[in-house]
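Notes to accompany the following structure.
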Amino acid sequence: MKGKLLLIGFGPGADAHLTFRARDAIAEAQVVIGYSTYIKLIEDLLEGKEVHRKGMSEELDRVHLAYDLARAGKIVALVSSGDAGVYGMAGPTMEVLAERGWLGDEDPEVSVEVVPGVTAVNGVASLVGAPLTHDFCTISLSDLLTPWPVIERRVEAAGAGDFVVALYNPQSKRRDWQLTATRDILLKHRAPETPVAIVKSAYRDRQHVVLTTLAEMCSHEVGMLTTILVGNTNTYVAAGKMITPRGYANKYDVLTTAIKAGQKPLRSLVLDDEGRPVGDAPAVARGAP
Ligand code: SAH
């Protein structure tokens, strides 16, 4: 029997936002391996299965165990919250398998399937409005495996590039200064009143959502189950929602839908000499001659 390794992301909360394929893949697995908190979240799907709970720093052990069992012909699931490829188990698994001589799609003994999931940034964004409608990036503030200067450089670049920034692993009991350092870098590029969302345990029992500002970002409780979204220079809060405009207002009057003077639909935005979109006064209604 050819073995199988399923790398499954079960979404932010594990029930309503679990994909059909993730549910089927968990059902298909004979063995399920994961961090104990994650196993708890999907416990009702695990009846009758061989389950291995592992601690936080045992990721590589988990991978070796999973591969050994798959090579013995078992169907093995390695579960991550969110998406398995976003700071999840897909990376270390592929690294270890490549080192151990696995031949990829040609391998005669073990096939591997990565099952995509709803990553934290999607879950978190959905709870605060539409904060990601323009370019965004994710940065993990964990320096357990990445040198801090590398993280710092990426925060700096995200600030300079005006990306909306999603901060994963923002803070833990032992990592308590990185978030302040990150805020200080971003404050070089953004106003203190830039909207910030702090979301803990999205779609889980202890879900907690705070809308605040960049200046106040570090005055709230932030832990390992928190993701932080920092707006770009255009992000604003209205009706209690965090909104990052896509740019419609550069071209259209969003109330009347009239196109602005000098602009054309389906054509590049027309800019003035200072690089600003032309046509503040709405002209012809969209679709009209
Ligand atoms: N693979 C996961 C990320 C693992 S890294 C994914 O794709 O979502 C762990 C970090 O993810 C946490 O520190 C937190 O920043 C974020 N996270 C995961 N689940 C979350 C949730 N339900 N609510 C808020 N943040 C979450």
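Every number for a ligand or one of its atoms is a count from 1 in the order of the listing.
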Sub-3.5 Å donor-acceptor pair from the side chain of [X] to the main-chain atoms of [Y], do we have one?
| X | Y | result |
| --- | --- | --- |
| T244 | P131 | yes |
| K54 | I33 | no |
| Q178 | Q171 | no |
| K200 | V222 | no |
| S140 | N169 | no |
| K173 | G223 | no |

Heavy-atom contact under 4.0 Å between S201 and ligand 1?
->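 Yes, S201 has heavy atoms under 4.0 Å from ligand 1.
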
Looking only at protein heavy atoms, identify the closest one to [atom] and say how far it is in Å.
| atom | value |
| --- | --- |
| atom 19 (N) of ligand 1 | R204 NH2, 3.4 Å |
| atom 10 (C) of ligand 1 | N169 OD1, 3.5 Å |
| atom 11 (O) of ligand 1 | Y168 CD2, 3.4 Å |
| atom 25 (N) of ligand 1 | T227 OG1, 2.7 Å |

How about R204: does its CZ atom have over 12 heavy atoms from other parts shown lying under 6.0 Å from it?
-> yes

Within the 4.0 Å heavy-atom shell around [X], which atoms of ligand 1 are there?
| X | value |
| --- | --- |
| L225 | 23 (N), 24 (C), 25 (N) |
| P12 | 22 (N) |
| T119 | 6 (C), 7 (O), 8 (O) |
| P170 | 15 (O) |
| T226 | 14 (C), 15 (O), 25 (N) |
| V199 | 24 (C) |
| V124 | 24 (C) |
| Y87 | 4 (C), 5 (S) |

Return yes or no for this condition: an N or O of [X] is under 3.5 Å from an N or O of ligand 1.
| X | result |
| --- | --- |
| Y38 | no |
| V86 | yes |
| M224 | yes |
| D83 | yes |
| S81 | yes |
| A202 | yes |

Taking non-hydrogen atoms only, is A120 closer than 4.0 angstrom to ligand 1 via side chain, backbone, both or neither?
->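 The part of A120 near ligand 1 is both the backbone and the side chain.
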
Is it true that V128 and F136 fall in one hydrophobic cluster, defined by side-chain heavy atoms closer than 4.5 Å?
->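 Cluster IDs for V128 and F136 match.
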
Is it possible for you to say whether I185 and L187 belong to one hydrophobic cluster, with membership spreading through side-chain heavy-atom contacts below 4.5 Å?
-> yes

Under 4.0 Å between a Lys/Arg side-chain N and an Asp/Glu carboxylate O for R23 and D15?
->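 Counted as a salt bridge, because a side-chain N and a carboxylate O are separated by less than 4.0 Å.
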
Electrostatic pair D68-R100, nearest N-O below 4.0 angstrom | yes

If you look only at pairs with a residue in residues 111-124, which of them pass as a side-chain hydrogen bond (donor to acceptor under 3.5 Å, both in side chains), with sequence neighbours excluded?
-> R21-E113, T119-Y168

